[in-house]
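Shown next, in structure tokens, is the structure this report addresses.
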Protein chains: 2
Amino acid sequence: MRRSDGDARRAQLLEAALHALSERGIVDLRIRDIADAAGVATGTVHYHFKDLDDLLVAVHEEAVDRFVGARQEMVAALPDARDKALALIDTGVPEDASDILVNALYDLNTLVRRRAVHRTMSRALTDQQVTLYAAVIEVGIAQGHFSPAAASADVAANAVALEDAFGIYITSFGGRFTAARARTLMRVHLAEALRCPGLASDLKEDIA
Amino acid sequence: MRRSDGDARRAQLLEAALHALSERGIVDLRIRDIADAAGVATGTVHYHFKDLDDLLVAVHEEAVDRFVGARQEMVAALPDARDKALALIDTGVPEDASDILVNALYDLNTLVRRRAVHRTMSRALTDQQVTLYAAVIEVGIAQGHFSPAAASADVAANAVALEDAFGIYITSFGGRFTAARARTLMRVHLAEALRCPGLASDLKEDIA
DNA sequence: AGTGATTTTGACTCTGGCGTCAACATCACA
DNA sequence: TGTGATGTTGACGCCAGAGTCAAAATCACT
């Protein structure tokens, strides 16, 4: 059995698919594009995935895993809830329109309204993000830094919604809506919702 | 000249296209679907529009016009800024996943990242919505009902972002995220951001 | 080196949808 | 009622791209 070979190739194809998807867009995406991006023949793609639908489900899974994985590690590493919150803001918003993961994720969102599998994954992503925010808020309350008027779950839901929308704006309006503005808006909002003025200040590392 | 005939048919085709788009999704949308929805032959669609791209641009225009048009009238008709704000919340969030206009709009968003024309229209839509909210906030300040800590433009931008994200959730997660929850979250947020507790109460008509 | 299992290749077939077009229908106006 | 302009039809040609497959390549193990 040469299982590892197959797995490695599969991972390579998913990576290539993320790039191809981000580049061509889901409407124009061809098997050919993925093969090209991976530097293999089209037959190879068909060998590893039943059809395009099958592949897109795998790509969606991969994208969701990558997106939440990075953030969870980041947040866990920081002790102060204010730092955690700022880290969430930084990692939740794409730097610019070239963010492959975010582009792919939003293109895949088109399928969410048609295919139950994709709906499940998209919902999972949103839920995980809300849970992550809610947990940080709870920690912040315990640490005495946050004292929100609304329920933690509500504040968290709003924060994630803002992230999602800003992600779309940044990847869609290329340059006319910047990551910097998105982060400012989010900090201003969270500072108010959590009653923690420090979040609005520009000091990222080590809040005074 | 039978200009009116042509225009009427064109409008009918745009209407049909909105339905077809919402039903099939942009990935699977065929000229055939639009023709069927309009009850005409495929040749008729080709006669009125150069190609699918051309048609989708027209559909996008139509969708944007409809979306903002309804809201502007609604807001202008109400004198009290708090009522205006509540009306904005109500009309900015789709009732459920069956909202054709919103479904079409989000599907068209996929093209925003590829085609400049669509980018322009999508940006225009967002800008108009932000302007609308900002104007209402200004009126509210003048009336003495709102006293936001942040700039009007920022509060407006956040409100529109929330609307957009919630619209996606409602149309995507069908039933698991309701319009009622979206409106509650928006009211809670605006009540705090505008320092106007009345917005959070359930009284829609005639705030006490 | 031989053997069989696994993986890769790219030429091929086939489906399905776009856009064309010639014929037909409908209308305005004389 | 005739005439030309405008609008409609659906069969057809064409081709892009999905998926198939037989042959070749690569690997693990002996």
Q. Within less than 4.0 Å of OP1 or OP2 of D:dG10, is there a side-chain N or O belonging to B:H46?
A.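 Result: no.
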At less than 4.0 Å, is any side-chain N or O atom of B:Y47 found next to OP1 or OP2 of D:dG7? Yes or no.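 So the side chain of B:Y47 is within the cut-off, an N or O lying under 4.0 Å from OP1 or OP2 of D:dG7.
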Take atom [atom1] of [X] and atom [atom2] of [N], then tell me their distance rounded to the nearest Å.
X	N	atom1	atom2	result
B:Q12	D:dG7	CD	P	14 Å
A:R32	C:dT9	CZ	P	13 Å
A:R9	D:dA25	CZ	P	17 Å
B:H48	C:dG19	NE2	P	16 Å
B:F49	C:dC18	CZ	P	15 Å
A:L55	D:dA18	CG	C1'	13 Å

For a 4.5 angstrom cut-off between non-hydrogen side-chain atoms, does A:Y133 reach A:I89?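 Result yes, sub-4.5 Å side-chain heavy-atom pair found.
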Report, one pair per line, the protein and nucleotides 11-17 of chain D atoms (nitrogen or oxygen only) whose separation is under 3.5 Å.
| from | atom 1 | to | atom 2 | distance (Å) |
| --- | --- | --- | --- | --- |
| D:dG17 | OP2 | A:R30 | NH1 | 3.1 |

Exercise for the section: State whether a side-chain donor-acceptor pair under 3.5 Å links A:T91 with A:R71. Expected result: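 Checked: A:T91/A:R71 side chains pair up, N/O donor to acceptor below 3.5 Å.
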Under a 3.5 Å cutoff, is there a donor and acceptor pairing between the side chains of A:N109 and B:Y106?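 No, no side-chain donor-acceptor pair sits under 3.5 Å.
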If we ignore hydrogens and angles and just use 3.5 Å, is the side chain of A:D33 paired with the main-chain N or O of A:L29 as donor and acceptor?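 Side chain of A:D33 to backbone of A:L29, a donor-acceptor pair under 3.5 Å: no, none is there.
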(request) Before accepting this row, confirm whether a basic side-chain N of the pair B:K84/B:D80 lies closer than 4.0 Å to the acidic partner's carboxylate O. (result)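 Not counted as a salt bridge, because no side-chain N and carboxylate O are separated by less than 4.0 Å.
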Is the shortest side-chain N to carboxylate O distance from B:D107 to A:R114 below 4.0 Å?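 Salt bridge present between B:D107 and A:R114.
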| Counting side-chain heavy atoms from C-beta on, which of C:dT7, C:dG19, C:dT9 comes nearest to A:V40? |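 Output: C:dT9.
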